[in-house]
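Structure first, commentary second.
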2 protein chains.
Amino acid sequence: MSSQNTDTRTRILEATIETLEKAGGRGVRMGDIAKATGISRQAVYLHFKSRTELLVSAIRYTGDQLDVDRKLAPSRAATSGVERLDLYIEFWGNYIPEIYGMARALMADQHTDEAAAAAWQDRMIAMRDGCRAAIDALHADGNLAAGWTRPKAIDALWTLLLVPNWENLTQQCGWSTRQYIRHMQAMAKRIFVESRE
Amino acid sequence: MSSQNTDTRTRILEATIETLEKAGGRGVRMGDIAKATGISRQAVYLHFKSRTELLVSAIRYTGDQLDVDRKLAPSRAATSGVERLDLYIEFWGNYIPEIYGMARALMADQHTDEAAAAAWQDRMIAMRDGCRAAIDALHADGNLAAGWTRPKAIDALWTLLLVPNWENLTQQCGWSTRQYIRHMQAMAKRIFVESRE
DNA sequence: GCCAACATTGACATTATGTCAAGTCAGAAC
DNA sequence: GTTCTGACTTGACATAATGTCAATGTTGGC
């Protein structure tokens, strides 16, 4: 693995991310990415065996670049379930916009491409972990609202935070990132946190 | 417009619905629909100028067949906002499974086909009306929870009921239709209804 | 000066939608 | 009973994108 090799691969990934973000994840072809990288379309296939593999690599690369682990630290350090829930939603609400272009491209391929579906699935399962942690923390505090079993609450929170919901609220309804975060936090607390009188 | 004409058109629509439901909305091509109808692929284009137009006609046809208006009557007749919300969610939870195949096919095309996006959008806007009515009824009762403006509450309820959420809960998480309805009703009430002590 | 790795070029296979032109076939009109 | 018309068929083609392949440059290290 010469430095050349790595370098071109990285350049492709960065061109992919930039191109997808610029286009809102719509109608970006392999040729567009090649052109943006400054190489031939075929050369892209020397580094990534398919469009799907490129998209998946790109979304992983973004995760690394954005230092997701560091950003998740606050929510992990939370001292109560409610705080953890709040901080996790805040993290997530700020994270989605940064990956939205790629998310959209992957989600579009999901319906036709098995591999894309699996890849996106994989990312969402990772996100589910954060939901599980938040619900578990709530439960440990004895604060999980009545009517919820832990698994059902995890399912529900996970679903609530899915990208299509963010998409609908921000793109269709015109909510800002800040509004998304504040209202999601409020909704999640009303749904999952036992009110104490 | 001979009866032949109408008849074939109807047969295409029914074959489309059946084929899509059978395939879960995945990988159904114009040729498959033609074969299911018992005519040539080209003949389909004599009745519908594009795949998108066919899908839209099919989803409309389903709506008519299923007599949506009648099914919506209970929620329209509700005497309180809370009841209206409950009944609307019940209607919707029972309705989605019946249109899921087509919904999925339309949603898949959404990312690449402007017309499909507009068509699905149009169906979802219709659904939004039910959300608006429920929130308005709650508000009229003085029961809309603090922290919500009416428009924001409508946006939020609308988003909560979107098909991808149903899809995730039933297909990924394995919830039954009944579970979906009960939990959605519970969540919606916790989110939007003022708790009275 | 030569090798190996990386890229380029251009042709091709594939798969779907959608268009087009020519022909078939049954029934209605005169 | 011929002719006309509308619905359908057949088969060829245009288009657009991904992905494959083979032959050919180009460049840095030894």
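- Note: NZ (B/Lys35) to C1' (D/dT9) measures 16 Å, nearest angstrom.
- Residue A/Glu53 contributes atom CD, which lies 15 Å from atom P of D/dT18 at whole-angstrom precision.
- Note on A/His47: a side-chain N or O is less than 4.0 Å away from OP1 or OP2 of C/dA7.
- To the nearest angstrom, P of D/dA17 lies 13 Å from CG of A/Asp109.
- The side chain of A/Thr8 places no N or O atom within less than 4.0 Å of a non-bridging phosphate oxygen (OP1 or OP2) of C/dC6.
- Regarding B/His111, its NE2 atom lies at a distance of 18 Å from the C1' atom of D/dA17, rounded to whole Å.
- Taking atom CG of B/Leu46 as the reference point, atom C1' of D/dT10 lies 13 Å away to the nearest angstrom.
- In this structure, B/Trp148 has its ring center closer than 6.0 angstrom to the ring center of A/His183.
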Checklist entry - Should B/Thr79 and B/Glu83 be marked as a side-chain hydrogen bond (donor to acceptor under 3.5 Å, both in side chains) after you check the CA-CA gap, both sets of side-chain angles, and the distance that decides it? => result CA-CA 7 Å; B/Thr79 57; B/Glu83 191 189 357; 3.1 Å; yes
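- In this structure, A/Ile39 reaches the sugar-phosphate backbone alone: every heavy-atom distance under 4.0 Å involves primed, P, OP1 or OP2 atoms, never a base.
- Look at CZ on B/Phe48: it is 18 Å from C1' on C/dT19, rounded to the nearest Å.
- We find that A/Arg150 and A/Asp155 are not joined by a salt bridge, their nearest charged nitrogen and carboxylate oxygen being 4.0 Å or further apart.
- Closest to the B/Arg29 side chain, of the nucleotides C/dT17, D/dG19, C/dT8, is C/dT17.
- With distances taken from any side-chain atom of B/Arg41 to the nucleotides D/dA12, C/dT8, D/dG19, the minimum falls on D/dA12.
- For the pair B/Ile33 CD1 and C/dT17 C1', the computed distance is 12 Å after rounding to whole Å.
- Whole-Å rounding puts the B/Tyr45 OH to C/dG18 C1' distance at 5 Å.
- Relative orientation of the A/Phe91 and A/Tyr88 rings is tilted, given thresholds of 30° and 60° on the angle between their planes.
- A/Leu85 has its side chain within reach of A/Leu157: a pair of non-hydrogen atoms, C-beta onward, lies under 4.5 Å apart.
- Residue A/Val28 is the one, among A/Val28 and A/Gln42, whose nearest nucleotide of DNA chain D lies closer to the 5' end (criterion: closest heavy atom).
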